[in-house]
Number of protein chains: 2
Amino acid sequence: MTVTIKDVAKKAGVSPSTVSRVLSNHPRISKETSQKVKEIVEELGYHSNIMARGLISNKTYTLGMVLPRPAEELFQNHFFSESIRGITTQASRQGYDVLMTAGSSEQDEVEAVTRLVKGRRVDGIILLQSRKNDPIISFLQKEAFPFILIGHYGSENILCVDNDNVQASYDATVHLISQGHERIGFVSGPTNLTVSDDRLKGYKKALSEHALRMEPDWIVEGEFLQESGYRAMAFFMNLPERPTALVVIDDIVTFGILRGLTELGYKVPDDLSLVSFNNIALSELSSPPLSSVDIGIYQLGYMASQLLIRHIDEDKTQQLRTIVPHKLIVRESSVNLKRNWS
Amino acid sequence: MTVTIKDVAKKAGVSPSTVSRVLSNHPRISKETSQKVKEIVEELGYHSNIMARGLISNKTYTLGMVLPRPAEELFQNHFFSESIRGITTQASRQGYDVLMTAGSSEQDEVEAVTRLVKGRRVDGIILLQSRKNDPIISFLQKEAFPFILIGHYGSENILCVDNDNVQASYDATVHLISQGHERIGFVSGPTNLTVSDDRLKGYKKALSEHALRMEPDWIVEGEFLQESGYRAMAFFMNLPERPTALVVIDDIVTFGILRGLTELGYKVPDDLSLVSFNNIALSELSSPPLSSVDIGIYQLGYMASQLLIRHIDEDKTQQLRTIVPHKLIVRESSVNLKRNWS
DNA sequence: TCCACTTGTGCAAGCGTTTGAACTTCTTTA
DNA sequence: TAAAGAAGTTCAAACGCTTGCACAAGTGGA
């Protein structure tokens, strides 16, 4: 049925070990033998059985990944597909494949990871989001299994690739301040994600450095969903004294805000200015176009693969935390026209 | 280091074979032995080595998938992430994982699939898009390897899950006709995808059934990119006699059209009505909100996993082609207000 | 009492590779 | 000319698991 190393060996008149050595470019194989074996390999279309090989070498050339559960998943939408694209592209380039599994609950997720790790199904794990007190991280640490986190995990010694989200949020906020805003609100994401914390921190830092009012009422939490934005909008617009600008955790959420404002007849940026994060393709197309911090999602994924593979293959003492640069893209949603006139 | 079946066996005072049988619920194992072994398995945190097991059983419990290359990939964006989510969720539910690999060229892709198939790395392959004359399909057919196609491949006997794109496009076109349009254009996707053909066919069918003009100039091809939409818009708006409505292959493309129209000061739907496909989340949020055919992307992925796994596990004689229903969601971009007044 | 089952478990082969050690055949060196 | 080494290859064990077959002990019918 399937052609094995033995078939190749027989046809080439050598032993299986020789074939194996040819295929791994062992130095002590003669030119002729090598040549001949390679021809036969080609002719027979032989490919080594990954399981058998993995059984010996204890290597799978596979990176594992757990898909976020629907709830949080929806959010990432673009984040998710774009980072996966980066991860997979780079992994393939380095000869690795990517294995995905999904869990329907947190416990499910831990079990899935356990299965991957203990079953020696993958060589390393990529975590797509950074949650606080993540049992998966505890597990991987306990097992001393190679993994990388997109995001960071407090100050623990964990291999990770991240944005400087504090700075990014600081930049976004300062941008609004530079447009003349003095009452600025913040729409956050799920509180269990470190990214929410970091961006909130950057926002607060900017306000306090500029001695602006910090109103607890002007900070709301939500999911990475349009609905959250819609609700946040409703909340803010009903406030007796409301902010004139918002820093928003994700473009998707901003779209929800935008929809709500349009329905109520408010204008952006005049009635409310907006800056958010991720700079997804559609930010540019909305009306008005959205100001957004590009966080280099593809690159986050790309780097994650690269660093994890390096960690697996060789260099155990590499730098632990890698920062992918961000860039604020200013568009209409945050340009204060009145001020520009003056 | 890692705990093997032997460790469990030793600790339980039985042979490895017994442990193996306990784990596979062999009928001839006594209650007590089974109980005891299971306790030890739990205690030691034993998980069977997938490679070793796969080597024997020739099963990997893994489905393979090739990521579309950047060019076409960008397009599907949402299609891609949503179908993967469906695929992975359902696969996990049935005890399968999903392996992704990426190829940078068509030849690369074929090689990647060859590696997966010949290396017995996966039990089946899911193809995310249906291209004409796809060498991957020829290969898989030749190897008689289980696979499923999202889309269809002419009338060949291939397991696939698809929309009725001809009908979907027919519906979209008829909807425009019902709004009083008589000059309707079509913005297509890459010509090497069957989905482009199908939707064009449905469009033509609707026109001819309603005895409307079919102008070759009113059919343009492009990529699944905003730029394509932008270009198409420019082309149409410069025509001496131009269509009053367009059927567009993908929401993303429509966003490009919309942007162009807005820039030029045209109004949708008054100056140009639009209907497209995919009904991505943002269709609802654009201004005006987009009419779009919901093609059930998640379900396409979901079914693909389910049917492929069924095909692998058992039933070789199942129905080959499964149709996921579509639904036209009418929003402002295609509602002819003038006509509604009359 | 004997034979034929049934029940529960162990033995050992084998899945397709890799790899250290051993073996052969040359080549070199003293 | 013998010994030492290099070059090229094969042998056989091992990776961790499954499974057909054999075996032992118990059960029941004639």
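Just the heavy atoms: all of them, side chains too, but no hydrogens, waters or symmetry mates, feed the values below. In the text below, chain A, chain B and the rest are named by the order of the sequence lines, each starting its count at 1.
Under 4.0 angstrom from either OP1 or OP2 of C:dT9 there lies at least one side-chain N or O belonging to B:Ser30. Look at A:Thr18 and you'll find a side-chain N or O under 4.0 angstrom from OP1 or OP2 of D:dT10. The side chain of B:Thr33 places an N or O atom within less than 4.0 Å of a non-bridging phosphate oxygen (OP1 or OP2) of C:dT9.
One atom, CZ of B:Arg28, and another, P of C:dC5, lie 14 Å apart when rounded to the nearest Å. In this structure, CD1 of A:Ile50 is placed 11 Å from P of C:dT18, rounded to the nearest angstrom. In this entry the distance linking NZ of A:Lys10 with P of D:dT10 reads 14 Å, nearest Å. As a whole-Å value, the separation of A:Lys36 NZ from D:dG8 P is 16 Å. When the P atom of C:dT17 is taken as reference, atom CZ of B:Arg121 falls 14 Å away, rounded to whole Å. The distance between atom NZ of A:Lys31 and atom P of D:dG8, rounded to the nearest whole Å, is 10 Å. Rounded to whole Å, the distance from NE2 on A:His26 to P on D:dT10 is 13 Å. Rounding to whole angstrom units, NZ of residue A:Lys59 and P of C:dT17 are separated by 19 Å.
The base of D:dT10 sits within donor-acceptor range of the side chain of A:Arg21, with an N or O pair under 3.5 Å.
To the nearest 0.5 Å, atoms CG (B:Leu320) and OG (B:Ser155) are separated by 11.5 Å.
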Which pairs, protein N/O on one side and nucleotides 14-17 of chain D N/O on the other, fall under 3.5 Å?
{"residue": "D:dG16", "atom": "N2", "partner": "B:Ala52", "partner atom": "O", "Å": "3.3"}
{"residue": "D:dC17", "atom": "OP1", "partner": "B:Tyr46", "partner atom": "OH", "Å": "2.4"}
{"residue": "D:dC17", "atom": "OP1", "partner": "B:Asn49", "partner atom": "N", "Å": "3.3"}
{"residue": "D:dC17", "atom": "OP2", "partner": "B:Ile5", "partner atom": "N", "Å": "2.3"}

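Within the 4.0 angstrom heavy-atom criterion, no nucleotide atom of any strand lies near A:Ser24.
In terms of the salt bridge (Lys or Arg N to Asp or Glu O under 4.0 Å) criterion, B:Glu156 has no residue partners (sequence neighbours excluded).
B:Ile84 is listed as a side-chain neighbour of B:Leu67, based on a closest heavy-atom distance under 4.5 Å.
Nearer the 5' end of DNA chain C, as judged by each residue's closest nucleotide, is the contact made by B:Glu32, out of A:Ser17 and B:Glu32.
Ion pairing of B:Lys36 with B:Glu39 is absent here, as no side-chain N (NZ or NE/NH1/NH2) approaches a carboxylate O to less than 4.0 Å. Ion pairing of B:Asp313 with B:Lys59 is present here, as a side-chain N (NZ or NE/NH1/NH2) and a carboxylate O approach within less than 4.0 Å.
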Can you check side-chain contact (heavy atoms from CB on, under 4.5 Å) on A:Glu143 and A:Lys118, steps first, answer last?
-> CA-CA 9 Å; A:Glu143 297 285 325; A:Lys118 297 270 199 162; 3.5 Å; yes
Are B:Ser15 and B:Thr18 close enough, and set up right, to give a side-chain hydrogen bond (donor to acceptor under 3.5 Å, both in side chains), and what steps lead you there?
-> CA-CA 5 Å; B:Ser15 76; B:Thr18 302; 3.2 Å; yes
